[in-house]
Amino acid sequence: MTALDMTKKAGFALAVATIVTVSVFPFYYAVITSFETGTALFEVNYLPQGFDFGNYLAVLGQQAFPRNVLNSVFIATATVGASLLLAVTAAYALSRVRFRGRGLLLMTILAVSMFPQIAVLSGLFEMVRFLGLFNTPWAMILSYTIFTLPFTVWVLTTFMRDLPVEIEEAAIVDGASPWVVITQVFLPLLWPALVTTGLLAFIGAWNEFLFALTFTASETTRTVPVAIALLSGASQFETPWGTIMAASVIVTVPLIVLVLIFQRKIVAGLTAGGVKG
Amino acid sequence: MTDMTAPLTQARPRALRQEPDLEARRRRAAFWFLAPMLAMLVCVAAWPLARSIYFSFTDTTLTSLYDGRWVGFDNYLSYRQLSSGRAVWRGTLADPAWWNAVWNTVRFAAISVSLETVLGLMVALVLNVRFPMRGLVRAAILIPWAIPTIVSAKMWGWMLNDQFGILNDMMLRAGLISEKIAWTANAETAMAAVILVDVWKTTPFMALLCLAGLQMVPRDIYEAAKVDGVHPVKVFFRVTLPLVRPALMVAVIFRMLDALRMFDLVYVLTPNSSATKTMSILSRENLIEFDKFAYGSAQSTLLFALIAVFVSLYIWLGKVDLGGRKPA
């Protein structure tokens, strides 16, 4: 019996070890690669061989890359801000007020968040050209709302539905209008939900690739994912793996830190939204 | 914004017996609260979608967006009898490249989502057991999910590199392969590489959703099964699986929809490989790069239709409540 228990325990430990290794190893390998330059880069090393910051200096010394990071920060922040602003009032209406067609409206909003981005690409391209937004951050801010807005509305609606009715009733008895109920009663209670939803939407906007690739045309207007995807070396046939890994680490570490800090809230948000970030 | 503050000026202390009036006022306010969001969605989703579908019935080109003429279904399928008497079918539906992309997309979606579901469930079962440092392990599995898709494509592209890749090195050392393989460049292994990276990246999402479902299963059910001496495997299939099925169904449909529109990973990991080219990639290629704007629109419309049919079927057959629960 004890022998059986031991094997069971060992098997379980092995499963846990495998899960952790498979999850972490690729990023670990990217980090150690980012500290290698020259010939060291082309040897397979399982352990760090020292810390050469050459790749980081190279990528940050480029004209475009710091600009790309700023573009991404600006675009993601603006998209999330706009979406949350529009979503808070909408979520109040969808979660607290009874009206005909509410269920249908919710389903439509969910459907928008699920349909393929490529299906609107040509129409959006025309719109972006028409508004003169091509190759500016506004093209991305406009187009990203297509997935951040339905997502934030949906998640905030589920969160708001769970707030107790009594608080709202008390406010209404005191003569508060719906606008006052939202801004002074619900908003303070919603902060945790807003942070979670905002963070998930931020990650979505930060990672978006298709629209950013299509609506930018010069190196300085690219967002980070496009910049990394199109990072090229001195010649066309030589992929600069060292600088690519350094750039990848630079843009991924803040995300990982955020995700780890907010991990419990993120899991709650994912379950509420059922949406991939 | 001025409209939103309108209800504020109307606010007067009212007794509760005037509720019907209050309810009407709330409904009016609700309309103005919804209006900006709906206007935005019409602007960024409904209108572009309608225009894309319209473009697919014209001969619009990228350089002259407004000079397109109506051509009916020519971009989808058209039939012409040549003077020699030979019949020629044209359009997307007669294009082998399109059917290749359809096959790639469906194959990719089916295989990767199945693997993710099974692996996600397994990881969730492991994490559902209480053990020391469980929090740390759960944090660790969030890392692949947190890494941007483009970054994971590049990371794995490097690990799968034919000359200097660590995976070839590992497999050579382990004696699994006898020579280095160009995983992403070979037509036979490119799809496997894409699936591998996708499974690595999205299994955590599946695992977390499954875990949330598992944690809602009351523990005393397991206690009871243990007391009755039911075999753990039987408990899994008869008790656990039926209980987590609703959560699992929702996760599967979201992943499936995501996989059917796959673009970024394939674009970066296996560029220009016809073995992995998905519908989204082919459509964008025609739209932007080959200046077949209308033709690409027809392809994107077909993908949209496919996904719409898939969603309706799934809701109809599976009777899935996508919200997890009905709006109150």
Side-chain angles (χ1 to χ4, degrees), chain A residues 15-16 19-20 23-24 26-27 29-30 42 44 86 89-90 92-93 97 99 102-103 106 110 112 114-116 118-124 126-127 142 145-146 149 153 161 173 175 177-180 207 209-210 214 225 228-229 241 244 248 252 255-256 259-260 263 267 270-271 274-276, chain B residues 4-5 7-8 11 13 26-27 29-30 33-34 36-37 40-41 44-45 48-49 51-52 55 65 123 126 137 139-144 146-151 154-155 158-159 164 166 169 205 208 212 250 254 257-258 261 263-264 268 280 283-284 287-288 297 300 303-304 307 322 327-328:
Chain A
V16 172
I19 291 171
V20 174
S23 304
V24 178
F27 190 63
Y29 192 61
F42 300 111
V44 174
L86 292 172
T89 51
Y92 171 80
V97 183
F99 57 89
R102 182 170 66 167
L106 267 170
L110 186 67
V112 173
M114 293 195 297
F115 74 52
I118 190 85
V120 293
L121 192 69
S122 47
L124 265 179
E126 183 204 18
M127 184 183 278
L142 181 75
T145 38
I146 196 175
L149 187 55
V153 169
R161 209 184 279 149
V173 170
S177 70
W179 178 246
V180 172
N207 296 351
F209 184 64
L210 175 61
T214 311
I228 290 177
W241 289 110
I244 289 178
S248 300
T252 308
L255 279 192
I256 292 185
V259 166
L260 293 187
Q263 58 159 311
V267 174
L270 280 178
T271 350
V275 181
K276 186 190 166 222
Chain B
M4 280 189 187
T5 51
L8 185 68
R26 273 165 64 90
R27 234 173 274 145
F33 285 161
L34 282 170
M37 184 271 294
M40 192 70 194
L41 277 188
V44 295
L49 179 67
R51 287 298 285 176
S52 299
F55 283 137
L65 285 174
V123 172
V126 169
V137 176
I141 69 160
L142 269 172
I143 288 177
I147 294 176
T149 311
I150 299 304
V151 170
K154 282 289 181 194
M155 265 167 39
W158 172 232
M159 288 174 51
F164 319 109
I166 194 165
D169 186 71
F205 169 77
L208 290 174
V250 174
F254 275 102
L257 293 171
D258 222 41
R261 63 187 177 195
F263 179 82
D264 37 10
V268 174
S280 285
S283 170
R284 186 189 175 273
L287 267 170
I288 307 293
S297 299
S300 74
L303 174 59
F304 175 72
I307 288 186
L322 282 177

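Because only heavy atoms are used, hydrogens play no part in the values below, and waters and symmetry mates are left out as well, while side chains stay in. By convention in this document, chain letters (A, B, ...) are assigned in the order of the sequence lines, proteins followed by strands, and residues within each chain are numbered from 1.
Residue V44(A) touches chain B through its side chain alone, counting heavy-atom pairs closer than 4.5 Å. Looking at L257(B), only its side chain comes within 4.5 Å of chain A, counting heavy atoms on both sides. Both the backbone and the side chain of V123(B) come within contact range of chain A, each with at least one heavy atom under 4.5 Å from a heavy atom of that chain. Residue V97(A) touches chain B through both its backbone and its side chain, counting heavy-atom pairs closer than 4.5 Å. For I228(A), the parts lying near chain B are the backbone and the side chain together; criterion is any non-hydrogen pair under 4.5 Å. Contact of F115(A) with chain B is made through backbone and side chain together, with heavy-atom distances under 4.5 Å. For chain A, the nearby parts of I141(B) are the backbone and the side chain; heavy atoms of each come within less than 4.5 Å. Proximity to chain A (any heavy atom under 4.5 Å) is restricted, for L65(B), to the side chain, taken from C-beta onward. For L287(B), the part lying under 4.5 angstrom from a heavy atom of chain A is the side chain only.
Between chain A and the residues I166(B), L41(B), V151(B), the most heavy-atom pairs under 4.5 angstrom are made by I166(B). Top candidate by heavy-atom pairs under 4.5 Å with chain B, chosen from Y29(A), F27(A), F99(A), is Y29(A). Across L121(A), L260(A), I146(A), V112(A), the residue that shares the most heavy-atom pairs under 4.5 angstrom with chain B is I146(A). When the candidates V126(B), I288(B), I143(B) are compared by the number of heavy-atom contacts under 4.5 Å with chain A, V126(B) comes out ahead. Ranked by non-hydrogen atom pairs under 4.5 Å with chain B, the options A93(A), A15(A), P116(A) are led by P116(A). Heavy-atom pairs under 4.5 Å with chain B were tallied for L255(A), L210(A), I244(A); the largest tally goes to L210(A).
In plain terms, the two heavy atoms of V120(A) and A45(B) that are nearest each other are CG1-O, 3.8 Å. Residue K154(B) comes nearest to W241(A) through the heavy atom pair O-CZ3, 3.5 Å, listed as atom of the first residue, atom of the second, then distance. For the residue pair M37(B) and A90(A), the shortest heavy atom distance occurs at CE-CB, 3.6 Å.
Classified by interplanar angle (parallel below 30°, tilted 30° to 60°, perpendicular above 60°), the ring pair Y92(A)/F33(B) is perpendicular.
When the side chain to side chain donor-acceptor pair (under 3.5 Å) test is applied to T214(A), the partners found at least two apart in sequence or on another chain are R284(B). Partners of S52(B) under the side chain to side chain donor-acceptor pair (under 3.5 Å) rule, at least two apart in sequence or in another chain, are S122(A).
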Yes or no on side chain to side chain contact (heavy atoms under 4.5 Å, CB included) for I150(B) and N207(A), after CA distance, side-chain angles and deciding distance?
-> CA-CA 8 Å; I150(B) 299 304; N207(A) 296 351; over 6 Å; no
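For the pair I118(A) and F263(B), the minimum side-chain heavy-atom distance is 4.5 Å or more.
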